[in-house]
Amino acid sequence: MKEAEKLVLVNPLEDIDKIKALASEPRINILNLLRQKALNVNEIAEALQLPQSTVATHISILENAALINTEAQKAKKGSQKLCSCAFNELLIKFPETAKPDENFIDVEMPIGIFTDYEVTAPCGLCSAERIIGYLDMPDAFLNPERMKAGLLWCGSGTFEYKFPNNAKNTARIPKKIEFSMELSSEVPGTNSVWPSDITMWINNIEIGTWVSPGDFGDKRGILTPDWWKLEGSQYGLLKHWSVSSEGSFIDGVKISDVTLEDLQLAEHHSVRMKIGVKENAANVGGMNIFGRGFGNYDQGIILRMFF
């Protein structure tokens with residue numbers, strides 16, 4: 001049996017079958033057993049002191065909810081169903097939704113569609129299928145396959161992206177703009193305690209710095225493909241960088257006094273965002289940017305304008 005490596009994210013609004021499957025003490029006990037090793041129906045029934053027919057019914061419910069994996073194996077008489085847990089961690093989470101009174105426009109940019117870059121090794125990029133170009137070679141970021149990138153990394157340096165200025169295009173005045181993306185530090189291998197000062201600039205104006213706590217590899221990212229080595233960066237933290245008339249913020253915490261007025265959006269046909277690690281930063285701990293197909297969040301870089 002291949003040991004379960006995945007975190008299962010349960011949306012209670014959609015995954016009713018999983019919620020119902022978990023709402024049973026015998027089925028919870030079965031999952032607890034299977035977390036330790038694979039067992040057949042007879043072994044489960046013996047361990048829990050339950051009739052085999054009852055266990056078989058519970059196994060069918062768990063299998064239909066994709067909470068366990070089953071495999072038919074030869075036995076002394078016919079075949080037996082070998083059962084194993086399909087996850088090693090399960091998270092029940094309601095989806096995030098915007099408030100009904102919020103008026104906004106979203107633009108999502110794939111992480112490989114940067115308009116400029118300047119990086120130092122260790123560096124590289126890959127799609128959900130393969131490494132793109134050569135590792136630790138900055139010229140690899142010129143490869144046209146970068147459009148498919150799901151993960152970018154560098155020891156220091158920056159990536160710049162150009163977004164359409166929907167405030168100017170729609171002749172509306174924004175009250176706030178926000179960039180969201182999944183980020184982490186970058187170290188050869190992984191290290192959960194590896195601080196890195198990640199800075200953002202908008203329209204060439206530095207809005208502030210976030211100190212990433214580490215490069216996370218304690219478990220495989222929810223979306224990270226199986227071919228990607230477990231010793232590599234697995235996921236990041238979803239960070240929200242915003243600018244309003246009150247200043248600049250990360251996840252609602254103020255980081256500078258740069259305001260929306262300072263960005264002079266009305267004078268630009270695009271919104272230029274640059275993200276990276278300065279070579280002279282206090283913590284030069286590198287940077288990973290996770291996009292679709294990698295990490296824990298199925299998104300690229302999202303610019304949201306609130307009106």
Side-chain angles (χ1 to χ4, degrees), residues 9 91 93-109 111 152-154 156-161 163 167 173-187 191-216 218 221 233-265 271-278 280-291 295-307:
L9 186 63
L91 176 65
K93 181 180 180 182
F94 283 94
E96 296 181 4
T97 56
K99 297 178 182 178
D101 61 344
E102 286 182 335
N103 187 5
F104 59 84
I105 298 176
D106 280 352
V107 177
E108 180 176 350
M109 186 70 66
I111 65 170
L152 309 175
W153 67 93
C154 63
S156 67
T158 59
F159 295 94
E160 185 173 73
Y161 299 85
F163 289 77
I173 300 175
K175 65 178 184 180
K176 182 174 74 171
I177 66 171
E178 176 185 278
F179 286 96
S180 65
M181 67 194 80
E182 186 175 354
L183 298 165
S184 79
S185 309
E186 162 58 20
V187 62
N191 190 333
S192 61
V193 183
W194 189 262
S196 187
D197 297 347
I198 299 178
T199 300
M200 178 178 287
W201 296 259
I202 300 177
N203 289 348
N204 289 326
I205 297 174
E206 183 176 328
I207 69 165
T209 297
W210 168 63
V211 181
S212 170
D215 184 0
F216 307 108
D218 57 307
S233 306
Q234 292 295 320
Y235 63 93
L237 301 176
L238 186 64
K239 308 306 294 182
H240 296 80
W241 308 65
S242 62
V243 184
S244 68
S245 60
E246 299 176 355
S248 298
F249 303 80
I250 295 180
D251 298 335
V253 178
K254 191 170 185 179
I255 55 172
S256 79
D257 292 324
V258 175
T259 66
L260 204 57
E261 291 74 19
D262 296 325
L263 304 182
Q264 300 179 332
L265 293 180
V271 180
R272 294 169 61 191
M273 185 278 289
K274 185 165 65 174
I275 187 84
V277 179
K278 302 177 185 178
N280 62 351
N283 299 293
V284 184
M287 177 177 68
N288 282 286
I289 305 178
F290 296 83
N296 286 348
Y297 300 90
D298 195 21
Q299 67 167 73
I301 300 172
I302 295 177
L303 166 60
R304 174 169 290 183
M305 284 192 173
F306 296 85
F307 299 96

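Just so you know, residue 1 is the first one in the sequence shown, and it goes up from there.
- Judged as a salt bridge (Lys or Arg N to Asp or Glu O under 4.0 Å), and not counting sequence neighbours, Glu261 has no contacts.
- Taking the side-chain contact (heavy atoms from CB on, under 4.5 Å) definition, one finds that Ile105 meets it with Asn166, Thr170, Arg172, Phe307, sequence neighbours left out.
- In this view, Ser242 satisfies the side-chain hydrogen bond (donor to acceptor under 3.5 Å, both in side chains) rule with no residue, not counting sequence neighbours.
- Checked against ring-ring contact (aromatic ring centres under 6.0 Å, His included), Phe163 has the following partners two or more places apart in sequence or in another chain: Phe179.
- Considering only residues two or more places apart in sequence or on other chains, Asp251 meets the salt bridge (Lys or Arg N to Asp or Glu O under 4.0 Å) condition with Lys239.
- Considering only residues two or more places apart in sequence or on other chains, Trp241 meets the ring-ring contact (aromatic ring centres under 6.0 Å, His included) condition with none of them.
- Partners of Asn191 under the side-chain hydrogen bond (donor to acceptor under 3.5 Å, both in side chains) rule, at least two apart in sequence or in another chain, do not exist in this structure.
- Every residue two or more places apart in sequence or in another chain that forms a ring-ring contact (aromatic ring centres under 6.0 Å, His included) with Tyr235 is listed here: Phe216.
- Listed by first and then second residue, the salt bridge (Lys or Arg N to Asp or Glu O under 4.0 Å) pairs involving residues 197-210 are Glu206-Lys278 (not counting sequence neighbours).
- Under the side-chain contact (heavy atoms from CB on, under 4.5 Å) criterion, Asp257 pairs with Lys254, sequence neighbours left out.
- Residues passing the side-chain hydrogen bond (donor to acceptor under 3.5 Å, both in side chains) test with Asp215, sequence neighbours excluded: Ser233.
- Under the salt bridge (Lys or Arg N to Asp or Glu O under 4.0 Å) criterion, Glu246 pairs with no residue, sequence neighbours left out.
- The two residues Ser184 and Gly236 make their nearest non-hydrogen contact at CB-CA, 3.9 Å.
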